[in-house]
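In what follows, a single structure is set out as C-alpha cells and then discussed.
A, B, ... follow the sequence lines: proteins, then strands. Residue 1 opens every chain.
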Amino acid sequence: DGGITQSPKYLFRKEGQNVTLSCEQNLNHDAMYWYRQDPGQGLRLIYYSQIVNDFQKGDIAEGYSVSREKKESFPLTVTSAQKNPTAFYLCASGQGTYEQYFGPGTRLTVT
Amino acid sequence: EDQVTQSPEALRLQEGESSSLNCSYTVSGLRGLFWYRQDPGKGPEFLFTLYSAGEEKEKERLKATLTKKESFLHITAPKPEDSATYLCAVQGAGNNRKLIWGLGTSLAVNP
C-alpha cells in the first residue's frame, strides 16, 4: 500500500525545545518537500530535496533544518530559532511530471 | 513574478447546484497546473494536472479546464461530500520544481 506517512499526527512542545517531524514515503519518488500551512496564508515551502544527500531552502527556511540520507525519508527539525513554530506541517513527494503527493500532516503546538 | 489567485474565497451551494471555481495565474512558461482537494485537518489530495491551453480532465462530478490565463474547476450536481477546500498550484519553467500555490476556495454544499 503505497503512500506518504507523517508522524506523529499531533505534537506538543515547550518553547526553546527542538523537535523533529518524521516523513517517510514508499512511492519511490526522487523529490520530497516540506510545507507549512497557516490559516489564510496557503502553503509555504520550507525545504525541498530532489535527490538523496542534497536539499535546498524554500521560501521560509529560517529556523528549520532537514536531512536526506535515504530516498524514503526526509525528516524536518523545527529548532528553537523558529519564532512562530505552531502550525500544520505537510510533507510531500513527487516524480517526473511535477505533481506532488501529500502526507496526512503533523499539527505542532509550541507553548 | 509568478502568482496564483483563486476565486471566490468561499462558496456555498445547495446540493445539485452546479458552479465553477476559478484559478488565475501568471507564470513564465507554464509547465503544469494542479488542482487539489483538502479536507479539514488533512493533507491535500491530488485531483488533476493540466499542461496546455485547451486541455480538459474529468473525475466524477469534477471537470478541470485550462486557458492561457486561468483554469476552472467545474462541479456538476455537487453533493455534501464535495465540501472541502480546493487548491490550485502552478509550476513554471524557472521554478526548479517549486509549485506556486493559491489560497484556495472553501466550498460548502448543503443537503
Side-chain angles (χ1 to χ4, degrees), chain A residues 2-11 21-25 27 29-51 54-61 87-109, chain B residues 1-10 21 23-25 27-52 55 57 59 64 66 71 73 84-106:
Chain A
I4 302 173
T5 57
Q6 292 185 243
S7 60
K9 188 173 176 64
Y10 299 97
L11 192 53
L21 281 59
S22 168
C23 177
E24 304 277 333
Q25 56 101 357
L27 300 169
H29 287 164
D30 286 323
M32 296 187 74
Y33 308 82
W34 274 106
Y35 291 92
R36 169 182 174 139
Q37 189 174 37
D38 297 280
Q41 293 204 47
L43 287 168
R44 292 185 291 170
L45 183 64
I46 304 172
Y47 268 99
Y48 64 106
S49 168
Q50 296 187 17
I51 197 168
D54 188 41
F55 49 82
Q56 289 78 40
K57 292 182 179 180
D59 301 316
I60 55 165
F88 188 47
Y89 290 88
L90 288 160
C91 178
S93 70
Q95 185 82 15
T97 52
Y98 307 111
E99 64 256 19
Q100 296 175 14
Y101 297 88
F102 285 82
T106 292
R107 187 166 298 279
L108 173 65
T109 302
Chain B
E1 180 184 349
D2 296 344
Q3 194 170 359
V4 174
T5 302
Q6 292 188 247
S7 61
E9 286 185 21
L21 313 183
C23 172
S24 297
Y25 65 90
V27 69
S28 302
L30 180 71
R31 289 280 182 89
L33 184 142
F34 310 93
W35 282 100
Y36 288 82
R37 170 196 170 120
Q38 186 176 24
D39 292 299
K42 296 189 176 181
E45 173 191 348
F46 170 70
L47 294 174
F48 304 110
T49 304
L50 301 167
Y51 293 106
S52 57
E55 190 174 359
K57 288 193 176 172
K59 179 181 179 180
L66 180 65
S71 176
L73 185 65
T85 295
Y86 290 85
L87 300 172
C88 173
V90 299
Q91 210 270 353
N95 289 347
N96 200 20
R97 290 200 180 187
K98 291 165 60 176
L99 297 184
I100 310 300
W101 292 87
L103 296 183
T105 293
S106 176

- Going from OG on B/Ser71 to CD on B/Glu55, what distance comes out if it is rounded to the nearest 0.5 angstrom? 10.0 Å
- For A/Gln50, is it the side chain, the backbone, both or neither that has a heavy atom under 4.5 Å from a heavy atom of chain B? side chain
- Can A/Arg107 be said to sit on top of A/Phe88's aromatic six-ring, NZ or CZ under 6.0 Å from centre and within 45° of the ring axis? yes
- Sequence neighbours excluded, which residues qualify as side-chain contact (heavy atoms from CB on, under 4.5 Å) partners of B/Lys59? B/Glu45, B/Leu47, B/Phe48
- Message: Which atoms of A/Gln100 are under 4.5 Å from chain B, going by heavy atoms: the side chain, the backbone, both sets, or neither?
- Response: both
- Heavy-atom distance under 4.5 Å to chain B: side chain of A/Leu90, backbone, both or neither? side chain
- Query: Residues two or more places apart in sequence or in another chain: which of them pass ring-ring contact (aromatic ring centres under 6.0 Å, His included) with A/Tyr47?
  - Reply: A/Phe55
